[in-house]
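Since the structure comes first, as structure tokens, the remarks are kept for the end.
Treat the numbers as computed from the prediction; the structure is a model and nothing was measured.
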Amino acid sequence: MDQLRIKDLEVYAYHGLFGAEKELGQRFVLDLILDYDMTRAAKTGDLTASIHYGELAQDLTYWCQESKEDLIETLAYKLIDRIFLTHPLVQKVSLEVKKPWAPVPLPLETCSVKLVRQKRKAFIALGSNQGSPTANLDAALEKMAEQNIRVLQASSRIETEPWGGVEQDPFLNQVVEVETWLNPEELMQTLLAIESDLGRVREIKWGPRVIDLDILYIGQEELYSPNLIVPHPYVAERAFVLQSLVEIAPHFVDPVQKKSIRQLWDAVEK
């Protein structure tokens with residue numbers, strides 16, 4: 001991937017745990033690398049396909065000075081958020097925030113943190129069978145958009161019978177493909193927070209719910225942790241999920257099953 005770099009941009013700002021740091025301020029140094037495709041800009045001179053590094057440097061300076069953070073980790077995270085929001089072309093950000101005047105009484109050149117974030121595409125399943133399911137799905141999508149989760153395409157909404165053996169009302173289901181720079185664990189925590197905000201209470205496994213948001217796939221990644229398994233372990237068994245997936249991504253290949261969504265759908269339909 002092509003890269004734009006702004007190296008060692010000096011900014012005087014007011015970040016730190018100590019009161020004096022927020023009152024007197026100090027020097028910070030930013031080292032930034034942006035990954036994005038520069039082909040169209042290089043071939044045609046189209047400025048909309050490029051990023052003005054002078055304006056970006058000015059923006060970084062302003063963003064650094066508009067708040068006072070305790071931690072430079074927080075500063076770096078917020079700067080990355082602003083970069084992705086302001087420049088949709090960017091696919092990956094690597095940002096090091098250096099604090100050469102850090103209050104450390106030892107001979108050192110600088111203290112710094114480096115954060116790296118990149119955009120990923122993911123498939124998320126939505127379901128609801130309490131209250132107004134249509135309104136619940138709409139509200140969930142709105143909240144996702146507010147949390148750095150951009151919907152690229154969405155399946156039709158279908159009414160399905162409940163899965164899991166618990167007697168309850170039918171569900172309204174949908175699958176969306178999204179793009180986000182949140183890492184997998186952060187994406188999961190964000191979806192759980194949205195569920196909570198919309199009133200979901202976890203009482204009965206596979207029971208009725210105001211909203212259910214499941215990560216089905218994150219690209220071709222395979223993740224196994226105590227808190228997150230991707231691909232979702234029940235994708236190949238849930239016809240209602242495959243029905244929605246086959247509508248928007250029939251040729252996507254399940255990294256575990258090594259079969260396309262179309263093939264998985266055909267298998268459950270037989």
Side-chain angles (χ1 to χ4, degrees), residues 1-121 145-150 178-187 189-190 193:
M1 183 67 73
D2 307 318
Q3 294 183 330
L4 180 154
R5 181 168 186 179
I6 294 177
K7 184 177 181 181
D8 294 338
L9 172 65
E10 295 191 14
V11 180
Y12 199 90
Y14 301 82
H15 308 289
L17 280 171
F18 300 107
E21 294 181 289
K22 288 190 173 67
E23 181 179 350
L24 300 175
Q26 60 187 295
R27 176 170 159 257
F28 294 85
V29 181
L30 309 182
D31 194 354
L32 174 70
I33 298 175
L34 304 183
D35 287 35
Y36 67 95
D37 188 349
M38 300 180 183
T39 303
R40 184 155 63 94
K43 284 188 170 183
T44 68
D46 184 355
L47 295 179
T48 65
S50 183
I51 294 173
H52 191 310
Y53 42 79
E55 292 179 357
L56 177 58
Q58 291 178 339
D59 287 340
L60 288 167
T61 300
Y62 174 74
W63 295 335
C64 277
Q65 294 173 337
E66 69 177 350
S67 66
K68 298 181 179 182
E69 308 298 342
D70 289 346
L71 302 177
I72 53 176
E73 292 94 325
T74 305
L75 174 62
Y77 186 91
K78 288 187 173 182
L79 290 176
I80 289 175
D81 185 24
R82 297 293 287 271
I83 291 167
F84 277 122
L85 181 63
T86 307
H87 300 285
L89 289 172
V90 175
Q91 296 300 309
K92 181 178 179 181
V93 178
S94 175
L95 174 63
E96 184 176 7
V97 177
K98 304 173 187 178
K99 191 176 180 180
W101 297 350
V104 179
L106 293 169
L108 53 80
E109 180 178 332
T110 190
C111 294
S112 72
V113 298
K114 183 177 182 179
L115 273 63
V116 179
R117 296 291 186 274
Q118 65 182 32
K119 287 181 178 176
R120 292 175 166 88
K121 292 182 179 179
E146 294 169 0
Q147 297 295 325
N148 303 305
I149 304 171
R150 183 167 71 94
V178 303
E179 182 180 69
T180 180
W181 63 267
L182 303 177
N183 64 38
E185 289 280 349
E186 190 176 6
L187 175 59
Q189 292 301 324
T190 299

pair Thr110-Val29: side-chain heavy atoms closer than 4.5 Å: no

Minimum-distance pair of heavy atoms, taken over all atoms of Gln26 and His15: NE2-O, 3.5 Å

Heavy atoms of other groups near Glu23 CD, more than 12 under 6.0 Å: no

Nearest-0.5 Å distance that lies between atom CG in Asp31 and atom CG in Leu9: 10.0 Å

Residue list, salt bridge (Lys or Arg N to Asp or Glu O under 4.0 Å) with Asp81, at least two apart or on another chain: none

Ile33 side chain reached by Val116 side chain, heavy atoms, under 4.5 Å: no

Trace of the side chain to side chain contact (heavy atoms under 4.5 Å, CB included) decision for Lys92 with Arg117: CA-CA 6 Å; Lys92 181 178 179 181; Arg117 296 291 186 274; over 6 Å; no

Point-to-point distance, once rounded to the nearest 0.5 Å, from CG of Asp2 to CD of Gln91: 11.5 Å

Closest contact, heavy atoms only, Tyr36 versus Ser50: OH-OG, 3.8 Å

Pair Glu179 + Lys121, salt bridge at N-O below 4.0 Å: no

Expected output: side-chain His52 to main-chain Gly54 donor-acceptor under 3.5 Å: yes

Minimum heavy-atom distance between Val90 and Phe84, given as atom pair plus value: O-CE2, 3.6 Å

Heavy-atom check, side chain of Gln65 versus side chain of Tyr14, under 4.5 Å: no

Parallel, tilted or perpendicular: rings of Trp181 and Tyr77 (30°, 60°): tilted

Distance-only polar pair, side chains of Thr44 and Asp46, donor-acceptor under 3.5 Å: no

Pair Asp35-Gln3, side-chain donor/acceptor within less than 3.5 Å: yes

Reported OG1-to-OH distance for the pair Thr61 and Tyr12, which is rounded to 0.5 angstrom: 14.5 Å

Heavy atoms from other residues, nucleotides or ligands near NZ of Lys119 exceed 12 (cutoff 6.0 Å): yes

Lys78 and Glu69 ion-paired at < 4.0 Å: yes

Side chain to side chain, Met1 and Met38, heavy atoms closer than 4.5 Å: no

More than 12 heavy atoms of other groups within 6.0 Å of Tyr53 OH: no

Closest non-hydrogen atom pair, Ala49 against Ala41: O-CB, 3.5 Å

Sub-4.5 Å side-chain heavy-atom contact between Glu73 and Val97: no

Any side-chain heavy-atom pair of Leu75 and Trp63 under 4.5 Å: no

Sequence neighbours excluded, every pair satisfying salt bridge (charged side-chain N to carboxylate O under 4.0 Å, His left out) that has a member inside residues 13-22: Glu21-Lys99, Lys22-Asp70

Inter- and intrachain pairs under salt bridge (charged side-chain N to carboxylate O under 4.0 Å, His left out), touching residues 7-19, at least two apart: Asp8-Lys98, Glu10-Arg27

Leu32 vs Ile83, side chain to side chain contact (heavy atoms under 4.5 Å, CB included): CA-CA, chis, key distance, verdict: CA-CA 11 Å; Leu32 174 70; Ile83 291 167; 3.8 Å; yes

Atom pair CD/CD of Glu186 and Gln189 - distance to nearest 0.5 Å: 9.0 Å

Distance-minimising heavy-atom pair for Cys111 and Val104: SG-CG2, 4.2 Å

Atom CG of Leu47 with >12 non-hydrogen neighbours under 6.0 angstrom: no

Heavy-atom side-chain contact between Leu34 and Leu56 under 4.5 Å: yes

Side chains of Thr190 and Gln147, donor plus acceptor under 3.5 Å: no

Exercise: identify the closest heavy-atom pair between Leu79 and Cys64: CD1-SG, 3.8 Å

Side chains of Leu115 and Ile80 in contact at under 4.5 Å (non-hydrogen atoms): yes

Whether Thr180 side chain and Leu182 backbone form a donor-acceptor pair below 3.5 Å: yes

